[in-house]
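A note on names: the letters A, B, ... follow the listed sequences, proteins ahead of strands, and every chain is numbered from 1. Remember, predicted model here, so these are calculated numbers, not experimental data.
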Number of protein chains: 2
Amino acid sequence: MSKVLTIGRLAEATGTSVETIRFYEKSGILPSPARTDGNYRSYEPAHLNRLSFIRRARELGFSLDQVKELLRLSDDRSQSCAAVDDIAKLHRTEVERKISDLLSLKTELDRIIDTCRCGTVADCRIIESLSPADAARSEGDVTA
Amino acid sequence: MSKVLTIGRLAEATGTSVETIRFYEKSGILPSPARTDGNYRSYEPAHLNRLSFIRRARELGFSLDQVKELLRLSDDRSQSCAAVDDIAKLHRTEVERKISDLLSLKTELDRIIDTCRCGTVADCRIIESLSPADAARSEGDVTA
DNA sequence: GTTAGACCCCGTAGTCACTATGGGGTTGAG
DNA sequence: CTCAACCCCATAGTGACTACGGGGTCTAAC
């Protein structure tokens, strides 16, 4: 019968903070548990499973809305999992786009960092790379 | 004499929204411009340069605090640009970490998506990958 | 002269997924 | 009985904007 958990134990078991668990409850993604006489939350194993699912999906970068939808779909186990597949693939596409954005970003950072001789700011290639190409110095430089 | 810009023209010239420009002003990163009789903001070329700098740095993923610091450093053009270099390199390190995180993420997403035969949710490998390994189904599954 | 539309003003609230703060109540060990 | 460790709740803060609502101004046509 000692299967019920306090919020602190649930937090520890799932690597979640207590505040985050309360936040999930308020967000409607984790159901409100029963309360003890002292008004403490009292969690069942089902809560542990659900919270583990949420944390795992969050680790994989799914948004809370996506997690909600995944949970809703997983509740009806007879349904086709095509919708699940759609969410996962959409997320993968987003991840791929982010990777490619960050890779070009890194290329550019490499470029501006490597060309800098690290003299004075006046000659700094990094600052130069950030400054507008046609900045009319006579009109005032980047300093407004 | 027609070098002063309304906020709308400045927005257009820099690919920034009007709201964002006002937000930058309130954040103290873009100086408050003079006002016209009708209380409209009236921007000089120096503002255009500074805003271009900010947008370019933001495109490269620097935080607004980092941009503030870069601007402060770029104001004293006789200083060593070592501090600029530090900010840029720190940022590059963060970008590299993000890329590597996202790459492992993608590997895992590929794995769970590819193994899914897309039958019913009960057999869905994606849902399974998200569910706790030792979930006792008899205790209630992921549904709380 | 006035009216329509485009532009501008300001303050506030909303986004996402938490995190932090503050002020209190409960529980269990010594 | 007291003390620490735990729990409760509500509210505000994070970053970098974006959206909204309710108003004022400017310009050009009628």
To the nearest 0.5 Å, how far apart are OG1 in A:Thr14 and NE2 in A:His47? 12.5 Å
Nearest 0.5 angstrom please: B:Arg41 CZ to B:Arg35 CZ, how far?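 Between B:Arg41 CZ and B:Arg35 CZ, I get 4.0 Å after rounding to 0.5 Å.
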Roughly, in whole Å, what's the span from [atom1] in [X] to [atom2] in [N]?
X	N	atom1	atom2	result
A:Ile7	D:dA5	CD1	P	19 Å
B:Leu51	D:dC17	CG	C1'	14 Å
B:Arg35	C:dC7	CZ	P	19 Å
A:Arg58	C:dT19	CZ	C1'	14 Å
B:Gln66	D:dA16	CD	C1'	14 Å

State, without any angle test, whether A:Arg50 and A:Tyr43 hold a side-chain donor-acceptor pair at a distance under 3.5 Å.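 A:Tyr43 and A:Arg50 do not have a side-chain donor-acceptor pair below 3.5 Å.
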Side chains of B:Thr20 and B:Ser17: is there a donor and an acceptor less than 3.5 Å apart?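 A pair is found: one side chain offers a donor N or O, the other an acceptor, under 3.5 Å apart.
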What residues in residues 12-25 of chain B put a non-hydrogen atom under 4.0 Å from any atom of DNA chain C? B:Arg22
Comparing nearest nucleotides in DNA chain D, the 5'-proximal residue of the pair A:Lys26, A:Gly8 is A:Gly8
Inspect the contact between [Y] and [X] and indicate whether a charged nitrogen and a carboxylate oxygen are less than 4.0 angstrom apart.
X	Y	result
B:Glu25	B:Arg22	no
A:Glu96	B:Lys106	yes
A:Glu108	B:Arg56	yes
B:Glu128	B:Arg125	yes
A:Arg72	A:Glu69	yes

Restricting both atoms to N or O, compile the protein contacts to nucleotides 25-29 of chain C shorter than 3.5 Å, with distance only.
| from | atom 1 | to | atom 2 | distance (Å) |
| --- | --- | --- | --- | --- |
| C:dG25 | N2 | A:Tyr40 | OH | 2.6 |
| C:dT26 | O4' | A:Tyr40 | OH | 3.3 |
| C:dT26 | O2 | A:Tyr40 | OH | 3.3 |
| C:dT27 | OP1 | A:Gly38 | N | 3.4 |

Angle between terminal axes - the helix from C:dG1-D:dC30 to C:dG30-D:dC1, 5 pairs each end, rounded to 10°: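 Helix axis angle between the two ends: 30°.
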A side-chain contact here means heavy atoms from C-beta on lying under 4.5 Å apart; do A:Arg55 and A:Ser52 qualify? no
Map A:Phe62 and B:Arg41 onto DNA chain C by nearest heavy atom, then report which one ends up closer to the 5' terminus. B:Arg41
Establish, with yes or no, whether the OP1 or OP2 oxygen of C:dC8 is under 4.0 angstrom from a side-chain nitrogen or oxygen of B:Thr6. yes
Ignoring backbone atoms, establish whether B:Arg55 has a side-chain N or O less than 4.0 Å from OP1 or OP2 of D:dC17.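 So the side-chain polar atoms of B:Arg55 do come within 4.0 Å of the phosphate oxygens OP1 or OP2 of D:dC17, strictly under.
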Counting the atoms with a prime plus P, OP1 and OP2 as sugar-phosphate, which does A:Ser63 contact under 4.0 Å by heavy atoms, base, sugar-phosphate, or nothing?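 Sugar-phosphate, backbone atoms only, no base.
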A quick test of your reading: do over 12 heavy atoms of other residues, nucleotides or ligands sit less than 6.0 Å from CD of B:Glu12?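 No, because the 6.0 Å sphere around CD of B:Glu12 holds 12 heavy atoms or fewer from other groups.
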